[in-house]
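Residues: numbered from 1 along the sequence shown. Atom set for the values below is all heavy atoms of this structure, side chains included, hydrogens, waters and symmetry mates excluded.
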Amino acid sequence: MNYPQIILNKGKEFSMQRKHPWVFSGAIAKKDATLQDGDLVEVNSNKNEFLGIGYYSGGGSISVRIISFEKTIIDEHFWFEKISKAWKYRQHLNILTENTNVCRLFFGEGDGVPGLILDYYAGHVVVQAHSWGVYLQKDNIVAAIKRALGDSLKSIYDKSAETLSKHFAGKTENGFLFGSGEEIIVKENGHLFKIDFINGQKTGFFIDQRDNRKLLAEYSKDKTVLNTFSYTGGFSVYAAVAGANKVHSVDVSAPAIALCDKNIELNKCKNHESFAIDTFDFLKDKKDVYDVIVLDPPAFAKSRDAKHHAVIGYKRLNTMAMKLIKANGIIFTFSCSGVVDKMLFYNTVISAALEAGRNIKVLHYLYQPADHPITPFFSEGEYLKGMVLWVE
Ligand code: SAH
């Protein structure tokens, strides 16, 4: 099959030859004037060498996102190869075990398709297309998921109305594409969580903190732990189960706090209290109460332009926590803003310590887990970073 061709300007082929999957609008020399958003296209160099196949998006700065660096046909078989490869990778790594039945099954560029996110919740798969080009492949994607997962698949739920741009979101509706599911309870490292992917934020759960929650458990026994930006209480449950004296969860969203309480109950913990309030307000008068504090705010910067404000936000939050934590306390601090890289985050946290007047030691550097793979071709995929700090 021949897809419409896009020709790049001279010298603009190098990034694709290094398997970077984004083609910026400024790199394009020639394209068909009739191209529509979501159309599959073949990208060629100025010398007419084949570079890859991707889907076109008009308007934005990224015009094509590449889904294959080989000449191929984008059909159900193509999607099956991609999705079954991603599924096998998770199985090789033993991410799904007797104690864990939740993971990210497909992570956009990290698994070879920009714009496609699949999360796996005990047999239920939540699909989020971040681009119209991926959304248009929905039928093939659904068929491929069914074939790759076989009998273990219980349902497929499309939640793309949240991730597509406004213009396209209006053309879709969230809903089940296969099977159904209610009251889904998953296990993560033996801890139970109720997942509400229909009403919850993102696909219902922040799967990327699995390993970091496990580490928090190691520091929680007999401690008074504060989990800020707690969402459905991932960190809180681990701390409470690990024998914390007391765990406090803080989130500005009342529905998130309600789910957090439910998860605490599911795990039969009694040492927990929750607060539906802004973290910055909550922290104001809490000096010398906590031994361990978790800071896991939402992405303060979603774009490069917002980077400066994000740094100010991270510094303010970390300074507040460092000022009020007990002596010899421990802070788990995170940033999930892709544009704030690990060095910038490190420097921001160090500068917060200087401002708070506390001596710190870095006990661990933390990252996203292996089911959110980072490849050498796409360093932009590295978004979650964190540190565990000892605060004297
Ligand atoms: N740590 C969580 C994920 C955090 S997501 C986990 O492991 O699951 C970020 C959360 O911050 C969301 O639940 C959002 O409701 C909450 N939030 C955003 N702004 C906030 C604020 N100013 N104060 C408290 N919570 C906030």
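Taking the salt bridge (Lys or Arg N to Asp or Glu O under 4.0 Å) definition, one finds that Lys146 meets it with nothing, sequence neighbours left out. By the salt bridge (Lys or Arg N to Asp or Glu O under 4.0 Å) test, Asp296 is found to be paired with no residue, residues two or more places apart in sequence or in another chain being considered. Taking Phe334 as the reference, Phe235 meet the ring-ring contact (aromatic ring centres under 6.0 Å, His included) condition, with sequence neighbours excluded. Annotation: salt bridge (Lys or Arg N to Asp or Glu O under 4.0 Å) contacts of Lys82 (sequence neighbours excluded): none. Applying the salt bridge (Lys or Arg N to Asp or Glu O under 4.0 Å) rule to Arg104 yields the partners Asp119; only residues at least two apart in sequence or on another chain are considered. Under the side-chain hydrogen bond (donor to acceptor under 3.5 Å, both in side chains) criterion, Gln36 pairs with no residue, sequence neighbours left out.
When hydrophobic side chains of Ile, Leu, Val, Met, Phe, Trp and Tyr are connected at separations under 4.5 Å, Ile62 ends up clustered with Trp22, Phe24, Phe378. Within the hydrophobic cluster formed by Ile, Leu, Val, Met, Phe, Trp and Tyr side chains joined at under 4.5 Å, directly or through other members, Phe206 is accompanied by Tyr231. With side-chain heavy atoms closer than 4.5 Å counting as contact, directly or through intermediates, the hydrophobic cluster containing Leu192 also holds Ile185, Leu266.
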- Task: Go through the steps to decide whether Glu382 and Tyr367 satisfy the test side-chain hydrogen bond (donor to acceptor under 3.5 Å, both in side chains), and finish with yes or no.
- Result: CA-CA 8 Å; Glu382 186 176 342; Tyr367 303 98; 6.0 Å; no

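With Asn267 contributing its side chain and Cys269 its backbone, the two residues share no donor-acceptor pair below 3.5 Å. Put simply, the side chain of Lys385 gets close to the backbone of Ser337: a donor and an acceptor are under 3.5 Å apart. Put simply, the side chain of Asp39 never gets that close to the backbone of Tyr56: no donor and acceptor are under 3.5 Å apart.
Separating the CG atom in Leu259 from the OG atom in Ser249 is a distance of 12.0 Å, to the nearest 0.5 Å. Separation of atoms OG1 (Thr232) and CG (Asp196) is listed at 10.0 Å; rounding is to 0.5 Å. Here the straight-line distance linking atom CZ of Phe205 with atom SG of Cys103 works out to 12.0 Å at 0.5 Å rounding. Remark: Tyr55 OH to Leu40 CG distance equals 10.0 Å, nearest 0.5 Å.
With a 6.0 Å radius and a threshold of 12 heavy atoms from other residues, nucleotides or ligands, Lys326 has its NZ atom above the threshold. Residue-environment remark: CD (Glu98) stays at or below the threshold of 12 foreign heavy atoms within 6.0 Å.
With Glu355 as the partner, the side-chain hydrogen bond (donor to acceptor under 3.5 Å, both in side chains) test is satisfied by one option alone out of Lys315, Lys323, Arg316: Lys315. Tested against Val43, the residues Ile53, Leu8, Ile7 include a single side-chain contact (heavy atoms from CB on, under 4.5 Å) partner, Leu8.
Looking at Asn99 and Thr97, their side chains never bring a donor and an acceptor atom within 3.5 Å of each other.
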Please tabulate, for side-chain N and O atoms in residues 9-17, each donor-acceptor pair with protein atoms closer than 3.5 Å (sequence neighbours left out).
from, atom 1, to, atom 2, distance (Å)
Asn9, ND2, Gly26, O, 3.1
Asn9, ND2, Ala27, O, 3.4
Glu13, OE1, Gly11, N, 3.0

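Applying the ring pair (Phe, Tyr, Trp, His ring centres under 6.0 Å) test to residues at least two apart or on different chains, the pairs with a partner in residues 67-103 are Trp87-Tyr120. Each ring pair (Phe, Tyr, Trp, His ring centres under 6.0 Å) pair with one or both residues in residues 150-180, not counting sequence neighbours, appears once here: Trp132-Phe168, Tyr157-Phe176, Tyr157-Phe197.
Looking at heavy atoms from C-beta onward, Asp371 lies in side-chain contact with Arg210 at the 4.5 angstrom threshold. At least one side-chain heavy atom of Thr203 sits less than 4.5 Å from a side-chain heavy atom of Gln128.
In this pair, Tyr365 and Tyr346 present their aromatic rings tilted. The plane angle is within the 30 to 60° band. Taking the six-membered ring where tryptophan is involved, the planes of Phe275 and Phe282 are tilted, since the angle between them lies from 30° to 60°.
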